[in-house]
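Just so you know, ligand 1 is whichever comes first in the structure, and atom 1 is the first atom listed for that ligand. For reference, positions follow the sequence shown, starting with 1. None of these values were measured; they are calculated from a predicted model.
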Amino acid sequence: MNAAITARAHTNIALVKYWGKADTDLIIPQTGSLSLTLDQFYTDTTVVFDSSLAADEVSVNGDRLTAQQATKVHNFLDLVRQQASRTSFARVRSVNHVPTAAGLASSASAFAALAGAASRAAGLTLDRTALSRLARRGSGSATRSIFGGFVEWHAGHDDLSSYGVPLQEDVDWPIAVIALVLDPKRKKVSSRQGMQNSVSTSPFYPAWKQIVADDLAAIKPAILARDFTTVGETLESNAMRMHALTLSAWPPYSYFNGDTLAAMQTVKSLRDSGVACYYTLDAGPNLKIFCQAADVTPIQERLAQQFGQANVIVAHPGPGIQFLD
Ligand code: DP6
C-alpha cells in the first residue's frame, strides 16, 4: 500500500461566470471566467492507492457512494492513473466542511481537493498550473479552486492552454461575501446540463460571449484598484445575464425561486438606503452578497430578520489548495 495523501481545497464564487463548454470532454470553456476563493466552505479529501482493492471505494461525509454515484470520481481517477502509469484502485474519503446543512458543498472544492490528493498519492508531482488543468477535467469551476483569492480561468483552446491564473492571491482588501441559503436541496438542473442547454438553444449565447469579454476587461483593473462599485455592478449584471440564458433556452427554466426574487429586492433596497452590496448566484436559488467588511453587520441583520439567522453565513477571501499531514 502507498501513502495516503490529504488535500484541502476551498470553494469559489464566480464574479464573471463560466457558463458553457467549447469541448465537453476536455471541459474547455467557451469563455474565460473570474472568481473569488472563499474561506468558509472547503473539502478535505484523502486518497490512497491500494493494489488489494477490486474497485475504487469512495465515501463522502462518511457515506459510501455506489458505483453509479461515484462515476465522475472513478473517471477522474482513471485520468490520474493514466498520467501516473498506474493500475491499482484507490480509496477516497471526502469530507465537505460547510457551516450548516446548507447545500453549499461544491464540485469546485471537491475536484480541486481530489486532483491534489489523487495526483500526489499516485506519485505525480504537479505544479499548480498542472493541478489546475487536472482539476478542470473533473469540474470546470474546480480549475479556479487550486488558487486563493481572485482567480481568472484562461479559457484556452486545448488541454494545455486552459487553466487558472491567480489575479491576486493574498487579498488584503476588506471585503466579505455573505451566503444566503434559500433552499439547501440539490438543484434540479445540474450546471453541466444547464450550460449545455444554453449553448445549444439560447439565441442570446453569442451576446454572452461578448458580455464576458467586456466584464473581464472591466473587473480585473477594478479589483486591483479596489473600485468596489465597478466590481459590484459588474458581478451583479454578469450573474443576471447568465441567468437570462436559462430563461431564453428551450425548454426554458430558471434556478430562481420566490425567495430569490425577494432577496434580490432586499439587496437593492439596502443599496438604495446607502449600504453598498451586490448579489450573484450560480446554478441554484441561493444568493451570495458581495460587500465591504464594514457593512457586514447591517446586511447580516437585515437578511437574518427576513430569512432566519441560520441561513446567513459570512465568508471572506480564502486560500488555495493545501496538503495536510
Ligand atoms: C454557475 O463547474 O459545476 O457555478 O464543468 O460541468 O462541472 P461542470 O460545471 P460547474 O459549473 C459552474 C457554473 C457556475 C459558474 C461558475 O462557477 O463559473
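- In terms of protein heavy-atom proximity, atom 7 (O) of ligand 1 is closest to Ser139 OG, 2.6 Å.
- In this structure, the side chains of Asp215 and Leu15 stay at 4.5 Å or more apart for every pair of heavy atoms.
- Between Phe89 and Phe49, a ring centre-to-centre spacing not shorter than 6.0 Å is recorded.
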* Verdict with reasoning, Tyr255 to His243, per side-chain contact (heavy atoms from CB on, under 4.5 Å) -> CA-CA 8 Å; Tyr255 292 108; His243 285 273; 3.9 Å; yes

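- Atoms of ligand 1 lying under 4.0 Å from any heavy atom of Ala14, numbered from 1 in the order shown and given with element: 16 (C), 17 (O), 18 (O).
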* Would you sort out whether Ser119 and Leu134 count as a side-chain contact (heavy atoms from CB on, under 4.5 Å), showing the intermediate values? => CA-CA 9 Å; Ser119 60; Leu134 177 62; 3.9 Å; yes

* Given Tyr205 and Leu245, is the side-chain contact (heavy atoms from CB on, under 4.5 Å) satisfied, shown in steps? -> CA-CA 7 Å; Tyr205 202 82; Leu245 296 173; 4.0 Å; yes

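- Residues forming a salt bridge (charged side-chain N to carboxylate O under 4.0 Å, His left out) with Asp78 (at least two apart in sequence, or on another chain): Arg81.
- For atom 16 (C) of ligand 1, the closest heavy atom belonging to the protein is Arg144 NH2, 3.3 Å.
- Under the side-chain hydrogen bond (donor to acceptor under 3.5 Å, both in side chains) criterion, Asp172 pairs with Arg226, not counting sequence neighbours.
- Ligand 1 lies out of reach of Arg136, whose nearest heavy atom is not under 4.0 Å from it.
- Annotation: atom 9 (O) of ligand 1 to nearest protein heavy atom, Met195 CE, 3.5 Å.
- Of all atoms in ligand 1, numbered sequentially from 1 with element shown, those under 4.0 Å from a heavy atom of Gly140 are 2 (O), 5 (O), 7 (O), 8 (P).
- Among all non-hydrogen protein atoms, the one lying nearest atom 15 (C) of ligand 1 is Tyr18 O, 3.4 Å.
- Which parts of ligand 1 touch Ser107 is read off a 4.0 Å heavy-atom cut-off, strictly below it: atoms 3 (O).
- What sits closest to atom 2 (O) of ligand 1 on the protein, heavy atoms only, is Ser141 OG, 2.7 Å.
- The single protein non-hydrogen atom nearest to atom 4 (O) of ligand 1 is Asp282 CG, 3.3 Å, given as residue, atom name and distance.
- Close approach to Lys21 involves these atoms of ligand 1, each under 4.0 Å from a residue heavy atom: 5 (O), 6 (O), 8 (P).
- Residue Ser33 does not touch ligand 1, judged by heavy-atom distances below 4.0 Å.
- A centroid separation of less than 6.0 Å is found between the aromatic rings of Trp153 and Tyr18.
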